[in-house]
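Have a look at the structure below, then the notes.
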Amino acid sequence: MKVLVINAGSSSLKYQLYDMTDESVLAKGLVERIGMDSSILTHKPTGKEEVTEVSDILEHTTAIRKVLEKLVDKEHGVLASIEEIDAVGHRVVHGGEAFKGSALITGEAKSEIRRLFDLAPLHNPACMMGIQAAEANLPNVPQTVVFDTAFHQTMPEKAYLYAIPKVLYKKHKVRRYGFHGTSHEYVSKTAAEFLERKIEDLKIITCHIGNGASLTAVMDGVSVDTSMGMTPLEGLIMGTRSGDLDPAIVPFVMNKEELTINEVNSMLNKHSGLLAISGSSSDMRDITDGMAEGEPNATLAFEMYEYRLRKYIGSYAAAMNGVDVIVFTAGVGENSAIVREKVCENLTYLGVEIDKELNKIRSGDPRRISTPNSKVEVLVVPTNEELVIARDTLRIVQEMK
Ligand SMILES: Nc1ncnc2c1ncn2[C@@H]1O[C@H](COP(=O)(O)OP(=O)(O)O)[C@@H](O)[C@H]1O
Ligand SMILES: CC(=O)OP(=O)(O)O
Ligand SMILES: [Mg+2]
């Protein structure tokens with residue numbers, strides 16, 4: 001069975017084609033700058049050379065058509081025919097309270113995802129474009145949706161409600177949903193397997209720190225709290241997102257700077273975070289390079305990022321009355337030894353002790369970076385959101401039969 005996984009953003013579309021007989025990746029790639037001139041398609045067939053193609057791709061339907069052409073291309077393809085694709089799995093960022101797990105795409109599911117546009121205006125419309133584009137190109141193939149929010153539906157009320165008038169929850173579903181759920185679930189399970197422990201016996205803090213970043217407290221194998229909120233803006237300092245701030249800043253700045261709702265949203269989501277503090281980049285590689293060169297704004301950006309992350313780890317240890325395992329994952333968590341080192345350096349009060357040499361080793365496998373004496377296991381576990389989507393898709397399609 002072959003499953004195509006699609007992760008659609010507003011101007012990009014990532015894809016991976018899996019052969020689920022052995023969970024191998026046959027090809028993967030990315031279309032960037034959709035809707036702009038000079039869109040870029042990068043296609044990487046496993047075992048063959050990567051190809052890059054620049055053309056004007058005006059919308060997602062054309063983007064998927066181009067991807068499908070590449071998948072069956074004589075030179076760069078990995079399939080004899082498009083008919084070989086048995087199912088398509090889509091990442092959808094916001095599933096609200098309606099979706100507690102992955103689902104087959106039906107008319108009703110699509111209506112529900114549309115109803116959630118209000119709660120995730122930056123994410124869900126793009127996901128819907130991906131779904132419609134895939135349906136247009138592969139009309140007879142079953143399609144599924146896998147939600148970032150689903151894993152967090154186990155949070156208790158005390159963690160997901162905000163201390164604002166309850167009518168706002170009743171009328172508009174204003175509450176914490178949390179995101180990156182496929183990643184938090186995958187790395188917490190993988191961590192327990194790696195340690196050869198039952199996940200039910202562990203208190204785990206998973207740190208998914210990529211471009212978007214969130215932390216989750218996992219107890220008894222389920223999410224009990226997470227740092228992102230009603231939208232993926234709350235919590236940690238991210239590449240271009242502010243994370244937590246005093247909510248009174250929003251009306252204050254809107255008033256002083258005469259900003260519209262869209263403009264203030266854009267400021268907090270796209271022009272804040274590491275980018276705003278450093279004044280130069282949202283990428284942790286540039287921030288740590290700048291810090292190494294003694295650049296003061298890059299140094300401040302790093303310090304603020306690390307400080308916020310460490311405070312959240314402390315608060316989740318408090319939430320669970322302890323922590324057995326801390327897991328680092330995603331772009332920064334998997335690759336930045338200095339972020340891991342600096343965070344852990346200040347967690348000695350929890351009994352955290354990392355081995356600086358182990359921490360520097362680069363590898364694509366789950367690995368331990370704590371010392372044998374450490375009271376908390378500290379692990380680096382590469383995430384694989386696409387594999388979770390492919391597995392869920394396979395399960396749902398098999399259940400249909
Ligand atoms: N070698 C590296 N060292 C430090 N940070 C890195 C490295 N590689 C990637 N990153 C960070 O990871 C981010 C991308 O993370 P990723 O999880 O791939 O994000 P997303 O899936 O949200 O696009 C980059 O913006 C950068 O900050
Ligand atoms: C939900 C979210 O923040 O996603 P990403 O990390 O892909 O931006
Ligand atoms: Mg991501």
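Atoms within each ligand, like the ligands themselves, are counted from 1 in listed order. Atom set for the values below is all heavy atoms of this structure, side chains included, hydrogens, waters and symmetry mates excluded.
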| remark: Taking only non-hydrogen atoms of K14 and a 4.0 Å limit, the atoms of ligand 1 in range are 21 (O), 23 (O)

| field | Over 12 foreign heavy atoms within 6.0 Å of NZ, K189 | value | no

| What class does the angle between the rings of H208 and H180 fall in, given that below 30° is parallel, 30 to 60° is tilted and above 60° is perpendicular? | parallel

| remark: Under 4.0 Å from one or more heavy atoms of M284, ligand 1 contributes atoms 5 (N), 26 (C), 27 (O)

| Contact between M238 and ligand 1, counting heavy atoms under 4.0 Å? | no

| task | Could you tell me which non-hydrogen atom of A191 sits nearest to which non-hydrogen atom of V327, and how far apart they are? | result | CB-CG2, 3.8 Å

| Between N211 and ligand 2, which part of the residue brings a heavy atom under 4.0 Å of the ligand: side chain, backbone, both or neither? | neither

| request: Find all atoms of ligand 2 within a distance of less than 4.0 Å from any non-hydrogen atom belonging to M228, and give their numbers and elements. | output: 3 (O)

| task | Answer with yes or no whether R91 contacts ligand 2, where contact means a heavy atom under 4.0 Å from a ligand atom. | result | yes

| request: Return yes when H208 approaches ligand 2 closer than 4.0 angstrom through a heavy atom, no otherwise. | output: no

| message | Heavy atoms only, cut-off 4.0 Å: how does E385 contact ligand 1, side chain, backbone, both, or neither? | response | neither

| Of all the atoms in ligand 2, which lie at a distance below 4.0 Å from a heavy atom belonging to P232? | 1 (C), 3 (O)

| Ligand-side contact atoms (ligand 1) for residue partner S336, heavy atom cut-off under 4.0 Å | 4 (C)

| task | Tell me, please: is M238 in heavy-atom contact with ligand 2, that is, under 4.0 Å? | result | no

| query | With distance as the sole test, does T62 use its side chain to make a donor-acceptor pair with the main-chain N or O of I57 at under 3.5 Å? | reply | no

| Contacting atoms of ligand 2, where contact means under 4.0 angstrom from a heavy atom of F179 | 1 (C)

| field | Donor-acceptor contact below 3.5 Å, side chain S39 vs main chain R33 | value | yes

| said: Measuring centre to centre across the rings, with the benzene-like ring taken for any Trp, is H43 within less than 6.0 Å of H76? | reply: no

| query | Which of the atoms of ligand 1 are close to V332, meaning less than 4.0 Å from one of its heavy atoms? | reply | 11 (C), 12 (O), 27 (O)

| message | For E341, is there an ion pair with K360 - N to carboxylate O distance below 4.0 angstrom? | response | no

| field | Numbering as shown, the atoms of ligand 2 that approach D148 to under 4.0 Å (heavy-atom distance) | value | 1 (C)

| Quick check: does G210 get an N/O under 3.5 Å from an N/O on ligand 1? | no

| Which atoms form the tightest heavy-atom contact between R368 and L195, and what is the distance? | NH2-CD2, 3.5 Å

| Any N or O of A330 that comes nearer than 3.5 Å to an N or O of ligand 1? | no

| query | Looking only at side chains, do R65 and N137 share a donor and an acceptor under 3.5 Å apart? | reply | no

| query | Near K375 NZ, under 6.0 Å, is it more than 12 heavy atoms from other residues, nucleotides or ligands? | reply | no

| Parallel, tilted or perpendicular: which fits the ring planes of H94 and Y177, with parallel below 30° and perpendicular above 60°? | perpendicular

| query | Looking at ligand 1, does any of its N/O atoms fall within less than 3.5 Å of an N/O of N211? | reply | yes

